[in-house]
Amino acid sequence: MPTLDELWFHATEDDWKRALEQYWSHVKPQNLAVERRLNNLPEGFLNSMGPEQFYQFLYDEYFPWKYTDGRILVQQRKRLARYVIDDHALASLENILAQLVQLDVHDIKHALSVVMQIHGIGASAGSGLLSLLYPTHFGTVDRFVVENLKSVPNAPWARKVGSINPNNIRILDASLVIEAFRDMTATLNTRFKTTFWTPRKIDMVLWGVRP
């Protein structure tokens, strides 16, 4: 499997597409079904949801997708469950849902701040949810992705991501990485004369290109 350095400076689009497929080799078999479903959410997925349905989607599907460590999943689900413990809390989730449906996808930091209002979701998990809902605008920012981006010191994105701590991703860090995803998307689509590449596909490549 080529390194990100080799991909960025020397690879063909076929090499990039093979790297994209490599993503699936890192998915645990028990998570494959939810991965496939969430990677193909229809446009406007949230539009007809009420807060109860949104809560169940987060609890049953998104949180297991993002938090693959069972202990962390239990902790974050407990935080999310505040919405059903308190009878009035679902109103706040309904408000967040409304903001997500009407989201300005061009304002990265604001989009992250909206999704991070959800109990149990920080900057990394927030970017993940946005990447599934709006894959042409967002990608998931996690440790593997940041480490891969930082491994190419002479790349165009090096200045943006150089000081980010992969183990403590903050909202500004996630914003800078998503900007890098968008820059990479534009560059690849121009280089290969296509519209195939998106920030979500870029993050999948970055997550998959590792031992």
Side-chain angles (χ1 to χ4, degrees), residues 16-17 20 23-24 27 31 34-51 53-68 76 80 92-142 144-146 148-149 157 160-161 164 169-190 194-208:
W16 276 90
K17 287 184 176 179
L20 180 60
Y23 173 89
W24 299 101
V27 176
N31 297 335
V34 72
E35 282 274 353
R36 294 287 187 190
R37 168 168 153 71
L38 296 192
N39 203 50
N40 292 284
L41 293 179
E43 187 174 349
F45 173 72
L46 297 179
N47 291 1
S48 61
M49 278 191 177
Q53 291 171 299
F54 186 43
Y55 171 83
Q56 287 303 142
F57 164 72
L58 293 170
Y59 191 94
D60 294 335
E61 298 191 75
Y62 180 67
F63 273 42
W65 179 89
K66 179 58 184 171
Y67 302 117
T68 55
Q76 301 306 81
L80 183 68
S92 65
L93 188 61
E94 185 173 23
N95 179 263
I96 297 168
L97 174 60
Q99 292 179 70
L100 284 173
V101 170
Q102 301 295 328
L103 196 67
D104 178 1
V105 294
H106 302 290
D107 189 337
I108 297 172
K109 190 173 179 181
H110 176 69
L112 285 166
S113 70
V114 169
V115 77
M116 287 170 63
Q117 295 175 65
I118 299 171
H119 298 319
I121 288 186
S124 179
S127 70
L129 183 55
L130 291 171
S131 78
L132 300 176
L133 299 174
Y134 300 103
T136 59
H137 298 280
F138 297 94
T140 303
V141 183
D142 74 355
F144 295 115
V145 165
V146 172
N148 249 335
L149 285 172
W157 58 80
K160 287 182 178 177
V161 305
I164 295 175
I169 296 169
R170 301 165 300 174
I171 186 169
L172 180 58
D173 302 326
S175 298
L176 291 173
V177 174
I178 291 167
E179 285 180 10
F181 290 159
R182 293 183 179 188
D183 291 344
M184 294 171 76
T185 296
T187 298
L188 290 184
N189 282 333
T190 298
T194 184
T195 57
F196 176 79
W197 295 98
T198 65
R200 169 60 181 151
K201 288 173 181 173
I202 296 293
D203 98 54
M204 291 172 73
V205 169
L206 291 170
W207 198 78

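All residue numbers refer to positions in the sequence shown, counting from 1.
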- Cation-pi check, Lys201 to Phe181: give yes when NZ or CZ is under 6.0 Å from the six-membered ring centre and within 45° of the ring axis, no otherwise.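 Checked: cation-pi criterion not met.
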
- Whether Phe144 and Trp207 hold their rings parallel, tilted or perpendicular, with breakpoints at 30° and 60°: perpendicular

- How are the rings of Tyr67 and Phe63 set relative to one another: parallel (under 30°), tilted (30 to 60°) or perpendicular (over 60°)?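 Perpendicular.
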
- Please test Leu133 against Leu41 for side chain to side chain contact (heavy atoms under 4.5 Å, CB included), starting from the C-alpha separation and ending with a verdict. CA-CA 7 Å; Leu133 299 174; Leu41 293 179; 4.3 Å; yes

Rounded to the nearest 0.5 Å, what separates atom [atom1] in [X] from atom [atom2] in [Y]?
X: Leu188; Y: Trp197; atom1: CG; atom2: CH2; value: 6.5 Å
X: Glu35; Y: Asn40; atom1: CD; atom2: CG; value: 11.0 Å
X: Gln53; Y: Leu46; atom1: CD; atom2: CG; value: 10.5 Å
X: Leu80; Y: Tyr59; atom1: CG; atom2: OH; value: 8.0 Å
X: Gln102; Y: Asn47; atom1: CD; atom2: CG; value: 8.0 Å

So, for [X] and [Y], which heavy atoms are closest and what is the spacing to 0.1 Å?
X: Ala123; Y: Ile169; value: CB-O, 3.6 Å
X: Leu97; Y: Met49; value: CD2-O, 3.4 Å
X: Tyr62; Y: Leu129; value: OH-N, 3.0 Å
X: Trp24; Y: Asn39; value: CZ2-ND2, 3.7 Å
X: Leu103; Y: Tyr134; value: CD2-CE1, 3.8 Å

Result block: side-chain N/O donor-acceptor pairs under 3.5 angstrom for residues 107-119, not counting sequence neighbours:
residue : atom : partner : partner atom : Å
Asp107  : OD1  : His110  : N            : 3.1
Ser113  : OG   : His110  : O            : 2.6
Gln117  : NE2  : Val114  : O            : 3.4

Can you confirm whether [X] sits close enough to [Y] that some side-chain heavy atom of one is under 4.5 Å from a side-chain heavy atom of the other?
X: Phe196; Y: Lys17; value: yes
X: Ile202; Y: Thr198; value: no
X: Trp65; Y: Leu132; value: yes

Side-chain donor or acceptor of [X] paired with backbone N/O of [Y] under 3.5 Å:
X: Trp157; Y: Leu149; value: yes
X: Asp203; Y: Thr140; value: yes
X: Arg182; Y: His137; value: yes
X: Asp173; Y: Arg170; value: yes

- Before giving the answer on side chain to side chain contact (heavy atoms under 4.5 Å, CB included), spell out for Thr185 and Thr136 the whole-Å C-alpha distance, their side-chain angles and the decisive distance to 0.1 Å. CA-CA 9 Å; Thr185 296; Thr136 59; over 6 Å; no

- Task: Show your reasoning for whether side chain to side chain contact (heavy atoms under 4.5 Å, CB included) applies to Tyr55 and Leu93.
- Result: CA-CA 8 Å; Tyr55 171 83; Leu93 188 61; 3.8 Å; yes

- Message: Distance alone, cut at 3.5 Å: any donor-acceptor contact between the side chains of Asp60 and Gln56?
- Response: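 There is such a pair between these side chains.
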
- Any side-chain donor paired with an acceptor under 3.5 Å for Lys66 and Ser124? yes

